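Structure first, then comments.
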Amino acid sequence: MFRDIARLMERILSEMPQSDPKIIGFTIIGGMPEGASYPDFAGDEEDESDVEVVEGDDCIYITAVADARADGAPYVTFQEDSVTLCTGGDEETVIDLDCEIDVLHSFYNVQHGVIDAVCRKKSAPGEVARS
């Protein structure tokens with residue numbers, strides 16, 4: 001049921017006019033019995049990407065499902081023109097970006113089995129950075 005709701009929300013949000021407020025990524029996680037681990041949503045749909053990248057005016061937003069069963073904590077490493085994403089374990093994914101980002105002001109968090117990275121775009125010389 002939650003997967004159907006998520007797909008419905010995707011369709012609704014993708015058809016919104018450009019002038020409407022934007023919602024960037026969302027996750028629906030149903031209640032888990034105590035002691036149960038989070039399910040592996042990444043393996044549910046083979047034709048869907050495990051990583052979602054959305055570009056805004058000032059930032060690039062990256063969302064991925066963390067692998068709760070893998071050894072090692074998930075992490076994100078920022079470079080000026082790419083992001084290295086590890087959803088757990090040893091496997092890394094390099095995401096090339098179409099613009100330079102401000103590495104010092106980019107950040108990520110991992111919560112409820114989801115990695116969210118926010119890559120703040122670099123300002124052009126002489127351009128005032130927006131907050």
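Given the structure is predicted, the values throughout are model-derived calculations rather than measurements.
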Next item on the list: For G89 and A70, work out which heavy atoms get closest and say how close.
Entry: N-CB, 3.5 Å
Next item on the list: Search all heavy atoms of I115 against all heavy atoms of C86 and return the closest pair with its distance.
Entry: CD1-O, 3.7 Å
Notebook entry, point to check: Heavy atoms, side chains only, cut-off 4.5 Å: are I60 and E55 in contact?
Noted result: yes
Note to self: A side-chain contact here means heavy atoms from C-beta on lying under 4.5 Å apart; do V65 and T87 qualify?
What the structure shows: no
Review item, side-chain donor-acceptor pairs of residues 76-85, under 3.5 Å, at least two apart:
unit_1: Q79; atom_1: OE1; unit_2: S82; atom_2: OG; d: 3.0
unit_1: E80; atom_1: OE2; unit_2: K122; atom_2: NZ; d: 2.8

Margin query: Tell me which pairs pass salt bridge (Lys or Arg N to Asp or Glu O under 4.0 Å) where either residue lies in residues 87-99, with sequence neighbours left out.
Written below: none
Using atom types as modelled, flag every donor-acceptor pair under 3.5 Å from a side chain in residues 99-110 to any protein atom, sequence neighbours excluded.
unit_1: D102; atom_1: OD1; unit_2: L104; atom_2: N; d: 3.3
unit_1: D102; atom_1: OD1; unit_2: H105; atom_2: ND1; d: 3.4
unit_1: D102; atom_1: OD2; unit_2: H105; atom_2: ND1; d: 2.7
unit_1: S106; atom_1: OG; unit_2: D102; atom_2: O; d: 2.8
unit_1: S106; atom_1: OG; unit_2: R120; atom_2: N; d: 3.1

